[in-house]
Q: 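Just passing along the structure, written as structure tokens.
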Amino acid sequence: MTHQRDIGAGPPDEYVEAEIQRLLAEDPAVAEQGITVVRRERAIVLYGEVESPHRREEIVRRVSERFPDTPITSDIGVIRAQAPTEIEQLP
């Protein structure tokens, strides 16, 4: 039995999401497991937090290279990884 798909339709969403998760976790230059991948219509949205803008850009670049025909949206925030420069005063 064969299954018909729309011409131009990509793989099912869960396969794309799993492939991106694997790419981000297994790529030694990224090794990131804290990114959530959501497929929205024909776009991919990346959610999560990383420690630097450079790391965020690298993640988006890697995913864009793997899926060049798919729009990639980044909702990845940058968390402060360095120690605060001021002492916090507690009441």
Side-chain angles (χ1 to χ4, degrees):
M1 174 183 243
T2 60
H3 297 282
Q4 289 185 327
R5 276 196 332 201
D6 293 336
I7 294 176
D13 293 351
E14 60 270 14
Y15 294 131
V16 171
E17 293 168 10
E19 185 173 345
I20 294 172
Q21 293 286 351
R22 194 168 40 257
L23 168 75
L24 296 178
E26 294 177 359
D27 186 327
V30 177
E32 185 64 60
Q33 297 182 23
I35 301 298
T36 302
V37 180
V38 178
R39 184 94 182 245
R40 304 270 171 161
E41 298 180 14
R42 297 203 176 272
I44 295 171
V45 183
L46 306 174
Y47 297 97
E49 292 186 336
V50 294
E51 65 273 2
S52 72
H54 173 73
R55 189 161 183 82
R56 175 178 54 203
E57 292 164 10
E58 184 66 16
I59 289 168
V60 173
R61 186 180 72 76
R62 298 283 174 141
V63 175
S64 296
E65 284 178 353
R66 176 62 189 88
F67 296 93
D69 298 328
T70 305
I72 309 295
T73 300
S74 171
D75 195 10
I76 300 173
V78 177
I79 57 173
R80 183 174 68 189
Q82 66 272 15
T85 56
E86 297 177 7
I87 297 173
E88 182 178 357
Q89 297 293 325
L90 299 175

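For this chain, numbers begin at 1 and follow the sequence in order. The analysis underlying the following values was restricted to heavy atoms, covering all of them including side chains, and did not include hydrogens, waters or symmetry mates.
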Q: Are Glu65 and Arg62 ion-paired here, with the side-chain N under 4.0 Å from a carboxylate O?
A: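 Answer for the salt bridge query: no.
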Q: Apply the test salt bridge (Lys or Arg N to Asp or Glu O under 4.0 Å) to residues Arg22 and Glu19: give CA-CA distance (whole Å), side-chain angles for both, the deciding distance (0.1 Å), then the verdict.
A: CA-CA 5 Å; Arg22 194 168 40 257; Glu19 185 173 345; 5.2 Å; no
Q: Does the side-chain contact (heavy atoms from CB on, under 4.5 Å) test come out yes or no for Val37 and Ile44, once each step is laid out?
A: CA-CA 7 Å; Val37 180; Ile44 295 171; 3.8 Å; yes
Q: Report the C-alpha separation of Glu17 and Arg39 in whole Å, then their side-chain angles, then the decisive distance to 0.1 Å, and conclude whether the salt bridge (Lys or Arg N to Asp or Glu O under 4.0 Å) test is met.
A: CA-CA 7 Å; Glu17 293 168 10; Arg39 184 94 182 245; over 6 Å; no
Q: Can you find a pair of side-chain heavy atoms, one from Ile20 and one from Phe67, that are under 4.5 Å apart?
A: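 Contact flag for Ile20/Phe67 side chains = yes.
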Q: So that I can tick it off, tell me whether Glu51 and Arg55 are bridged by a salt bridge, with the cut-off set at under 4.0 angstrom between side-chain N and carboxylate O.
A: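 Counted as a salt bridge, because a side-chain N and a carboxylate O are separated by less than 4.0 Å.
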Q: Hydrophobic clustering (ILVMFWY, side-chain heavy atoms < 4.5 Å, transitive) - are Val45 and Ile59 grouped together?
A: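 Different clusters.
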Q: Given side-chain contact (heavy atoms from CB on, under 4.5 Å), test Arg56 with Val78 step by step and report yes or no.
A: CA-CA 8 Å; Arg56 175 178 54 203; Val78 177; 3.5 Å; yes
Q: Heavy-atom count check: over 12 atoms from other residues, nucleotides or ligands less than 6.0 Å from Gln33 CD?
A: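 Open: at most 12 neighbouring heavy atoms sit under 6.0 Å from CD of Gln33.
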Q: Any non-hydrogen side-chain atom of Val16 less than 4.5 Å from a side-chain atom of Thr70?
A: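 A side-chain contact under 4.5 Å is absent here.
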Q: Taking all non-hydrogen atoms of both residues, which atom of Ser64 and which atom of Ile72 are closest, and how far apart?
A: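 Scanning both residues completely, I find the closest heavy atoms to be OG-CG1, 3.5 Å.
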Q: Hey, could you give me the CG/CZ distance between Asp27 and Arg66, rounded to the nearest 0.5 Å?
A: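 Going from CG on Asp27 over to CZ on Arg66, the span is 12.5 Å.
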Q: Among Leu46, Val50, Leu23, Ile76, which residue satisfies the side chain to side chain contact (heavy atoms under 4.5 Å, CB included) criterion with Glu32?
A: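 When Leu46, Val50, Leu23, Ile76 are each tested with Glu32, the side chain to side chain contact (heavy atoms under 4.5 Å, CB included) holds only for Val50.
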Q: Between Glu57 and Ser52, is there a donor-acceptor pair closer than 3.5 Å when you use the side chain of the first and the backbone of the second?
A: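 No.
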